[in-house]
Amino acid sequence: ALSGIHRLAYMLGGLVTDLNVAIGDDLKGILHTFGTMQLGYSADNFFDAELIVLTNSNLSATGTPIYHFLTEARYNGSEIVLLAPDYNPTALTADIHVPLRTGTDAALWLGVCQVILAENLLDAGFVREQTDLALLVRSDTGRYLRAQDVDGGREDQLYFFDEATRRIAPAPRSTLRFDGSPALAGSHRATLADGREVEVKPVLALLREKLDRESTPEQAAAACGVGTELIRELAHKIARKRTCCYIGFTSAKQFHGDLHERSLLLAMALTGNWGKSGT
């Protein structure tokens with residue numbers, strides 16, 4: 001049906017709006033993080049997951065054709081966690097039901113992220129290669145350190161602090177491969193084109209500071225209504241298990257739903273749960 005609509009619009013010189021936007025299924029948090037909203041996997045991906053987290057969804061009622069993949073994954077030992085304010089029909093399948101307050105998903109996930117960092121449960125190699133958390137930020141301006149600042153070069157040339165050479169090093173622009181070891185912590189000095197020195201820190205160091213200040217399990221619990229021990233337990237499970245998340249379209253229909261998605265994706269990034277079967 002959709003191909004016919006697009007073909008007709010093309011022949012008439014018309015315009016077809018994005019269907020996901022039109023029906024309120026536009027997952028902005030995923031779009032802003034990855035540049036595309038369509039990050040779906042086939043339902044048999046559940047079989048390869050050790051932990052399945054369901055959020056903003058009631059899959060037994062809204063995804064009936066694929067629901068059996070979820071229940072059958074349990075034969076492989078997959079553990080299922082449901083984040084939902086209500087005890088909905090899918091909770092019957094879940095091993096853990098997390099009854100968070102409506103609209104407080106981001107608080108819960110940032111609490112999980114704080115535990116992952118505070119207890120050093122992160123996948124450092126994955127974070128260095130696959131995320132922007134090692135890039136350096138200027139303490140004086142709060143902006144990325146750029147070649148334009150350093151030597152008058154490109155605006156889009158960013159930097160790491162290389163632990164191998166103990167020097168500021170340009171981040172590769174055409175590949176994820178970097179021969180050194182980008183620092184994920186600490187405070188460093190960078191010399192600017194005008195000879196001034198400024199303090200720079202990796203994004204992850206700033207993230208740690210923010211989460212320690214605002215998103216401890218106790219602070220997250222006060223916001224989302226989930227106990228501190230359960231928040232810590234979720235962090236431990238996600239860090240140690242191959243984790244697959246299913247985000248339903250309810251987040252796309254909530255104010256700040258994009259932040260719910262992005263905070264979830266941050267927890268997956270810190271633990272290396274992207275881009276692999278069962279994640």
Would a 4.5 Å heavy-atom cut-off, applied to side chains only, mark His188 and Lys201 as touching? no
List the residues meeting salt bridge (Lys or Arg N to Asp or Glu O under 4.0 Å) with Arg167, not counting sequence neighbours, and say none if there are none. none
Do the side chains of Arg173 and Asp156 get close enough for a salt bridge, i.e. N-O under 4.0 angstrom? yes
Less than 4.5 Å apart, any side-chain heavy atom of Leu145 and any of Val137? no
Taking side chain to side chain contact (heavy atoms under 4.5 Å, CB included) as the definition, give me every residue that meets it alongside Asp132, ordered by chain and number, with sequence neighbours left out. Leu135, Tyr144
Nearest non-hydrogen partners of Val200 and Ile168, listed with the distance: CG2-CD1, 4.1 Å
With sequence neighbours left out, the residues meeting ring pair (Phe, Tyr, Trp, His ring centres under 6.0 Å) with Tyr159 are none
Looking only at heavy atoms, the pair that brings Phe160 and Ala134 closest together is CD2-O, 3.6 Å
For Ile238 versus Asn273, what's the shortest heavy-atom pair and its separation? O-ND2, 3.2 Å
Of all residues at least two apart in sequence or in a different chain, which pass the ring pair (Phe, Tyr, Trp, His ring centres under 6.0 Å) check with Tyr246? none
Asp48 to Ser277 - nearest heavy-atom pair and separation: OD2-OG, 2.6 Å
Under the side-chain hydrogen bond (donor to acceptor under 3.5 Å, both in side chains) rule, what pairs show up with a residue in residues 223-235, not counting sequence neighbours? Glu218-Arg232, Glu229-Arg232
Across all chains, not counting sequence neighbours, the side chain to side chain contact (heavy atoms under 4.5 Å, CB included) partners of Thr55 are Leu83, Asp105, Ile247, Leu264
Salt bridge or not for Glu214 and Arg208, using N-O below 4.0 Å? no
Using a 4.5 Å cut-off on heavy atoms from C-beta on, say whether the side chain of Val226 contacts that of Leu234. no
Thr271 and Asp123: side-chain donor and acceptor closer than 3.5 Å? no
Can you name the salt bridge (Lys or Arg N to Asp or Glu O under 4.0 Å) partners of Asp140, sequence neighbours left out? Arg138
How about CZ on Arg177, more than 12 heavy atoms from neighbouring residues, nucleotides or ligands closer than 6.0 Å, or not? no
Taking salt bridge (Lys or Arg N to Asp or Glu O under 4.0 Å) as the test, write out the residues that go with Asp26, two or more places apart. Lys28
Of all heavy-atom pairs linking Thr90 and Leu59, the shortest is OG1-N, 3.0 Å
Does the side chain of Asn56 come under 3.5 Å of the side chain of Ser251 through a donor N or O and an acceptor N or O? no
Taking the side chain as C-beta and beyond, is there a heavy-atom pair between Phe69 and Ser42 under 4.5 Å? no
Under-4.0 Å salt bridge between Lys253 and Asp25: yes
Check ring pair (Phe, Tyr, Trp, His ring centres under 6.0 Å) between Tyr10 and all other residues, then give those that pass, not counting sequence neighbours. none
Please name the pair of heavy atoms, one in Ala269 and one in Thr131, separated by the smallest distance, quoted to 0.1 Å. CB-CG2, 4.0 Å
Using distance only, find each side-chain donor-acceptor pair of residues 111-120 under 3.5 Å and give its atom names and separation, not counting sequence neighbours.
from	atom 1	to	atom 2	distance (Å)
Gln114	NE2	Asp212	OD1	2.9
Glu119	OE1	His236	NE2	2.8

Can you list, pair by pair, the side-chain donor-acceptor contacts under 3.5 Å of residues 73-80, counting residues two or more places apart and other chains?
from	atom 1	to	atom 2	distance (Å)
Arg74	NH1	Thr93	O	3.0
Arg74	NH2	Asp95	OD1	3.0
Asn76	ND2	Phe47	O	3.1
Ser78	OG	Ala49	O	2.5
Ser78	OG	Ala73	O	3.2
Glu79	OE1	Lys237	NZ	3.2
Glu79	OE1	Lys241	NZ	2.7
Glu79	OE2	Lys237	NZ	3.0

Should Leu207 and Leu211 count as side-chain neighbours, where that means a heavy-atom distance under 4.5 Å? yes
Residues in ring pair (Phe, Tyr, Trp, His ring centres under 6.0 Å) contact with Tyr87, at least two apart in sequence or another chain: His97
